[in-house]
Amino acid sequence: MIGVPESHRGWTFVTNHARVLAAIADDPNVRIRGIAAHCRLTERAVQRIISDLEQDGYLSHTRDGRTNTYRIEAGKVLRHPAEAGLTVASLLSLLVQDEAHRAGGTEARSSQPAEAPHVGQGLSGGSGSDRP
């Protein structure tokens with residue numbers, strides 16, 4: 001059994017639900033163990049978050065053998081009234097980094113705003129606009 005990741009003390013800007021969704025957007029075939037390691041959560045916490053996201057229609061999955069392929073509903077609107085009209089796609093465009101940025105680290109990032117990164121093949125929906 002893999003040990004529990006070291007916990008973070010204090011507050012953060014991004015919720016665990018958003019982190020899990022971004023990890024899935026990076027790789028729609030990612031395993032729960034991989035998400036847990038990436039997000040520094042326990043596997044059980046990731047399972048609960050995936051269940052929450054599926055229950056509310058933000059995420060679905062299909063099973064092929066032992067592999068899950070996740071599908072994110074990119075056009076679905078965020079839940080909180082303060083983000084009224086913003087879609088999952090707009091959130092993920094801020095969170096998901098393409099492989100070039102990951103491989104290059106902070107040196108690969110410029111001070112200029114980048115185009116919205118590719119967020120994986122597991123996205124569906126989306127109206128092409130972040131606000132109505």
| said: Would you compute the distance between atom CD of E73 and atom CG of L21 and round it to the nearest 0.5 angstrom? | reply: 10.5 Å
| message | I need the minimum non-hydrogen distance between A23 and V30, along with the two atoms involved. | response | O-CG1, 4.2 Å
| said: What I'd like to find out is whether the side chain of L92 reaches to under 4.5 Å of the side chain of I72, using heavy atoms alone. | reply: yes
| Measuring from C39:SG to I32:CD1, what's the distance to the nearest 0.5 Å? | 11.5 Å
| request: Sequence neighbours left out, what passes salt bridge (Lys or Arg N to Asp or Glu O under 4.0 Å) with D52? Give chain and number order. | output: none
| said: For S51, give me all partners under side-chain hydrogen bond (donor to acceptor under 3.5 Å, both in side chains), at least two apart in sequence or on another chain. | reply: none
| task | Report yes if the side chains of L95 and V14 come closer than 4.5 Å at any heavy-atom pair, otherwise no. | result | yes
| Approximate separation, where rounding is to 0.5 Å, of R48 CZ and H17 NE2 | 9.5 Å
| At their closest point, which heavy atom of A18 faces which heavy atom of L91, and how far apart are they? | CB-CD2, 4.2 Å
| message | Can a side-chain donor-acceptor contact be found between T12 and R19 if the only test is distance below 3.5 angstrom? | response | yes
| said: Using side-chain contact (heavy atoms from CB on, under 4.5 Å), reason through R79 and D56 one step at a time and then give a plain yes or no. | reply: CA-CA 10 Å; R79 292 174 49 163; D56 287 344; 2.8 Å; yes
| Just wondering, do I50 and V20 contact through their side chains at under 4.5 Å, heavy atoms? | yes
| So, do T69 and D64 sit near enough that their side-chain heavy atoms are less than 4.5 Å apart? | no
| said: Counting C-beta onward and ignoring hydrogens, is there a side-chain heavy-atom pair between L59 and R71 closer than 4.5 Å? | reply: no
| note | Between V88 and Y58, the two heavy atoms sitting closest are CG2-CD2, 3.4 Å
| field | Among D27, V46, I49, L41, the one residue meeting side-chain contact (heavy atoms from CB on, under 4.5 Å) with I35 | value | V46
